[in-house]
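Please read the structure below before turning to the comments.
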2 protein chains.
Amino acid sequence: MLRIQPFWQAKHSQIYPLLSSMEEKQLLSSHWVQQSDKPDKKIYAITEKGMQKLREWMYQPIAPAVTKDELSLRTFCLWLAEIGIAVDIFEDRRIGYLEKKRYYEQILEGIPEETRELGSKAFSNYVLATKGLMMAETELKWCDWVLDLLKQQQRSTASKHGRTNFETLS
Amino acid sequence: MLRIQPFWQAKHSQIYPLLSSMEEKQLLSSHWVQQSDKPDKKIYAITEKGMQKLREWMYQPIAPAVTKDELSLRTFCLWLAEIGIAVDIFEDRRIGYLEKKRYYEQILEGIPEETRELGSKAFSNYVLATKGLMMAETELKWCDWVLDLLKQQQRSTASKHGRTNFETLS
DNA sequence: ATTTCCATGTAATGTGTTACATGATTCC
DNA sequence: GGAATCATGTAACACATTACATGGAAAT
């Protein structure tokens with residue numbers, strides 16, 4: 001759940017029933033593992049039948065990505081907010097993108113170069129994390145670009161009108 | 001619906017009931033427009049009350065973006081597919097990203113530079129389309145990078161083993 | 001006439017979230 | 001002893017999709 005979290009979010013309340021139903025269909029098997037420091041946990045493993053299903057799935061057509069991006073929605077309506085709020089929004093998001101970038105950098109650091117051979121699991125993770133890193137870097141670049149545009153205007157109008165409203169500028 | 005489609009997908013069956021309920025709450029108003037060539041259509045406009053709600057919404061905390069990206073999910077499992085299929089997947093997606101890039105380029109062409117003043121609706125669209133373009137370019141770059149890695153290996157092993165399976169390489 | 005596209009909607013179903021619930025273990 | 005964390009689960013609700021349904025207008 002945590003590993004696919006960057007590109008497919010899901011809560012535990014969705015996953016537990018899913019695991020159960022997949023076990024019923026014999027795509028997964030499970031066993032309990034005792035832990036002394038923490039409550040016991042149930043470990044699921046994919047079965048041969050599950051593997052086959054998974055392999056079949058790899059050859060199915062890929063559905064286009066679905067996104068629900070509130071920041072873009074806000075950007076779409078940016079003209080009706082004060083410029084100061086716009087700056088706040090993007091400075092806030094800048095931090096988020098920076099964290100995201102660091103997250104992927106750490107993942108990549110955890111995949112030694114010699115293990116990144118084509119066809120290995122490490123290769124898949126390497127390719128995926130690289131995408132995450134590239135996207136985060138681009139988002140960061142965009143954020144900085146927007147902030148530049150906003151602050152430029154903010155500086156040049158601050159002395160004349162005081163607080164500048166987006167709406168009044170349009 | 002079409003305009004926010006790149007960052008917030010929704011079907012008409014979801015939107016029609018939403019519009020109705022928003023009109024009931026007097027956030028929207030509507031009127032029918034007769035069309036001679038096509039069936040009549042209902043035009044919704046935001047009310048002053050709706051505008052106020054929208055402005056309030058601009059100051060609310062922004063929820064993190066939600067994605068369901070099947071391509072990333074496939075990439076995550078790339079190690080269990082044949083290399084040829086991997087190439088197919090990424091070449092296919094490459095086309096998609098190219099179209100996406102062209103889509104945003106066209107949008108940007110439709111926003112004349114002189115209208116891109118800070119605080120205007122055109123500015124919001126400009127900022128948003130720029131993000132779309134930057135992201136599409138990055139996705140394209142990633143795609144090409146992956147294809148390069150895949151094809152390198154494909155060429156170097158083709159003569160020796162014929163068809164190469166990812167799994168056998170790991 | 002039949003098919004296709006535009007436009008608006010509803011119904012059944014599926015997916016996903018929030019909130020609730022339990023119990024073990026550790027920390028203060 | 002009480003709060004915090006880990007782990008597993010369920011129930012009620014909200015959100016979203018697919019499929020169904022209707023009817024006007026245009027194209028073949």
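Below, chain A is the first sequence line, B the second, and so on; all start at residue 1. All values below were derived from every heavy atom in this structure, side-chain atoms included, with hydrogens, water molecules and symmetry-related copies excluded.
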Checklist entry - Heavy atoms, side chains only, cut-off 4.5 Å: are A/Glu139 and B/Thr138 in contact? => result no
Whole-Å distance between [N] [atom2] and [X] [atom1]?
X: B/Leu2; N: C/dC6; atom1: CG; atom2: C1'; result: 13 Å
X: B/Asp37; N: D/dG24; atom1: CG; atom2: P; result: 16 Å
X: B/Gln5; N: D/dT17; atom1: CD; atom2: P; result: 11 Å

Item to check | Step-by-step side chain to side chain donor-acceptor pair (under 3.5 Å) determination, A/Glu113 to A/Tyr126 | outcome: CA-CA 9 Å; A/Glu113 293 217 19; A/Tyr126 167 55; over 6 Å; no
Do the side chain of [X] and the main chain of [Y] share a donor and acceptor less than 3.5 angstrom apart?
X: A/Thr47; Y: A/Gln26; result: yes
X: B/Trp145; Y: A/Val127; result: no
X: B/Arg116; Y: B/Ile111; result: yes
X: A/Thr67; Y: B/Ala65; result: no

Checklist entry - OP1, OP2 of C/dA19 versus side-chain N and O of A/Lys11: anything below 4.0 Å? => result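 So the side chain of A/Lys11 is outside the cut-off, no N or O lying under 4.0 Å from OP1 or OP2 of C/dA19.
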Checklist entry - Think B/Lys41 has a side-chain N or O under 4.0 angstrom from the OP1 or OP2 of D/dG24? => result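 For D/dG24, neither OP1 nor OP2 has a side-chain N or O of B/Lys41 closer than 4.0 Å.
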Next on the checklist: Heavy-atom nearest nucleotide on DNA chain C for B/Val66 versus B/Pro39: which residue maps closer to 5'?
Outcome noted: B/Pro39
Checklist entry - Are B/Glu70 and B/Arg74 within salt-bridge range, i.e. N to O under 4.0 Å? => result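 Salt bridge between B/Glu70 and B/Arg74, a charged N being under 4.0 Å from a carboxylate O: yes.
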Checklist entry - Are B/Glu24 and B/Lys49 ion-paired here, with the side-chain N under 4.0 Å from a carboxylate O? => result no
Polar-atom pairs under 3.5 Å, protein N or O versus N or O of nucleotides 1-4 of chain C: list them with distances, or write none.
none

Checklist entry - Any N or O donor-acceptor pair linking the side chain of A/Ser36 to the base of C/dT25 at under 3.5 Å? => result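 It does not, because no donor-acceptor pair links the side chain of A/Ser36 to the base of C/dT25 below 3.5 Å.
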Checklist entry - Any idea which of C/dT17, D/dT8, D/dC6 is nearest the A/Lys42 side chain? => result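 Taking heavy atoms from C-beta onward, the closest nucleotide is D/dT8.
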Next on the checklist: Side chain of A/Lys68 only, heavy atoms from C-beta on: which candidate in C/dG16, D/dA16, D/dG9 is closest?
Outcome noted: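 When the side chain of A/Lys68 is considered, D/dA16 is the closest of C/dG16, D/dA16, D/dG9.
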Checklist entry - Should A/Thr75 and A/Phe90 be marked as a side-chain contact (heavy atoms from CB on, under 4.5 Å) after you check the CA-CA gap, both sets of side-chain angles, and the distance that decides it? => result CA-CA 9 Å; A/Thr75 306; A/Phe90 280 92; 3.7 Å; yes
Item to check | Interface residues of residues 14-35 of chain A with DNA chain D (non-hydrogen, below 4.0 angstrom) | outcome: A/Tyr16, A/Trp32, A/Gln35
